[in-house]
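Positions are given from 1, in the same order as the sequence printed here. Computed from heavy atoms alone, side chains included, the values below leave out hydrogens, waters and symmetry copies.
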Amino acid sequence: MPDSFVFHAPDSEFLLPYVEREVGKNPPPLAVMVSSTDIYEPDSASILAEDAPHRTDSIWAMREAGFLKAYPDGVILRAAPIVGTGMTGAMRRLAEDIYRGRFFHFPGNEARKSVVHAVDIAAVVAMLLKTDAASLQGRVFNITDDTDPLLHDLAEALAFRMDNKRISNISTRPQQLFAKWFYGRRYDYYSSDERFSCEALKAAVEFTPTPVCAYLRTHVYDESSL
């Protein structure tokens, strides 16, 4: 057990204000790392749990190993793409595409994406601090909003926060062919499922996830919001 509270979130440092708001100034000793579901070998046909195969070239596997070497009693949260103020990664790229008018809805696209909001990560860290440390030692948990929204709905929810920005549809065959060329690898991402299970985390800390799309559409942002 570390002598103090340790929060390690490589590439997701924007989470720190969320966590500080939840845990206060002097939280109990605990080491928590926010990793990523990018560690898993892609499998659009399955909902991946913590024992799913890893990418052979994953930087996250190395980062997790380094964290557990330093903090053997630490807890790792493998986060689905994170939505929140200052977000990075896949959700930032999606938001930027929407804002710049470069994202379009594909006809018949039923792709679903596991996501999680930053407020839930912070809330879970606070829950972990109140949980028996022995039951968490060296544990790894996926964390998602447990709804796996359609990419269509996720994009529309993000657009709603951008003064309800309109997203156009790609309808004709030439437009679809152009989209595949224009998006390149991102077309594969935007048209394939990425789903992860957070059942283990819900069982460990009685976690009730916040649906990201609903949060984006209903949360009232004020001077106290992040």
Side-chain angles (χ1 to χ4, degrees), residues 1-39 50 59-60 62-92 95 114-146 157-158 161 196 198-226:
M1 181 67 66
D3 296 330
S4 59
F5 177 70
V6 176
F7 181 71
H8 182 51
D11 300 340
S12 296
E13 288 79 6
F14 68 92
L15 291 171
L16 188 57
Y18 289 92
V19 172
E20 289 177 339
R21 183 174 63 181
E22 286 291 330
V23 306
K25 294 184 177 180
N26 297 297
L30 179 69
V32 181
M33 174 185 177
V34 177
S35 182
S36 171
T37 51
D38 280 347
I39 196 173
E50 290 80 359
I59 189 174
W60 291 103
M62 293 185 289
R63 287 171 170 175
E64 288 186 7
F67 173 79
L68 289 176
K69 182 177 181 179
Y71 305 103
D73 297 337
V75 181
I76 294 175
L77 298 175
R78 288 181 181 154
I82 306 168
V83 174
T85 302
M87 60 191 176
T88 57
M91 289 301 100
R92 182 180 183 88
S114 289
V115 287
V116 65
H117 201 282
V119 296
D120 268 0
I121 294 177
V124 165
V125 171
M127 292 176 191
L128 292 172
L129 289 169
K130 300 174 183 178
T131 304
D132 176 33
S135 68
L136 299 173
Q137 185 171 333
R139 295 288 298 275
V140 177
F141 301 101
N142 292 339
I143 180 168
T144 80
D145 80 344
D146 204 32
L158 288 167
R161 302 280 5 147
F196 308 96
C198 66
E199 293 303 313
L201 179 61
K202 290 195 297 180
V205 296
E206 298 184 356
F207 170 49
T208 302
T210 302
V212 167
C213 290
Y215 185 95
L216 289 171
R217 288 186 174 276
T218 62
H219 181 69
V220 177
Y221 288 83
D222 55 27
E223 65 278 358
S224 65
S225 297
L226 291 168

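Taken to the nearest 0.5 Å, the CZ atom of F196 stands 3.5 Å off from the OG1 atom of T37. From I76, atom CD1 reaches atom CZ of R139 across 12.0 Å, with rounding to the nearest 0.5 Å. Here I82 contributes atom CD1 and T88 contributes atom OG1; the two are 6.5 Å apart, rounded to the nearest 0.5 Å.
Side-chain N or O atoms of S114 include none that pairs as donor or acceptor with a backbone N or O of T144 at under 3.5 Å.
When all heavy atoms of A118 and L15 are compared, the pair lying nearest together is CB-CD2, 3.5 Å. The heavy-atom pair separating M33 from P10 by the smallest distance is CE-CG, 4.1 Å. A pairwise comparison of heavy atoms in V119 and R21 identifies CG1-NH2, 4.1 Å as the closest pair. For the pair L129 and P28, the tightest heavy-atom approach, listed with the atom from each and the gap, is CD2-O, 3.5 Å. Contact between I121 and A79 at its shortest, heavy atoms only, is CD1-CB, 4.0 Å. Here the closest non-hydrogen pair linking S35 and W60 is OG-CE3, 3.4 Å.
Side chains of D146 and F207 form no contact here, defined as non-hydrogen atoms less than 4.5 Å apart. Residues M127 and K130 have side chains not in contact (no heavy-atom distance under 4.5 Å, counting atoms from C-beta outward). The shortest distance between side-chain heavy atoms of L201 and N142 does not fall below 4.5 Å. At least one side-chain heavy atom of V19 sits under 4.5 Å from a side-chain heavy atom of F5. Residues L16 and F7 have side chains in contact (heavy-atom distance under 4.5 Å, counting atoms from C-beta outward). Annotation: side chain of Y71 is not in contact with side chain of V32 (no heavy-atom distance under 4.5 Å). Residues P209 and H117 form no side-chain contact, since every pair of their non-hydrogen atoms from C-beta on lies 4.5 Å or further apart.
Checked against salt bridge (charged side-chain N to carboxylate O under 4.0 Å, His left out), R63 has the following partners two or more places apart in sequence or in another chain: D11. Take S135 and apply the side-chain contact (heavy atoms from CB on, under 4.5 Å) test, not counting sequence neighbours, and it matches T131, D132.
With L77 as reference, V124 is the one residue of V116, V124, V140 to meet the side chain to side chain contact (heavy atoms under 4.5 Å, CB included) rule.
Ion pairing between a basic and an acidic side chain is recognised when a charged N comes within 4.0 Å of a carboxylate O; E64 and R78 show such pairing.
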Derivation and outcome, side chain to side chain contact (heavy atoms under 4.5 Å, CB included), residues L136 and F141: CA-CA 10 Å; L136 299 173; F141 301 101; 4.2 Å; yes
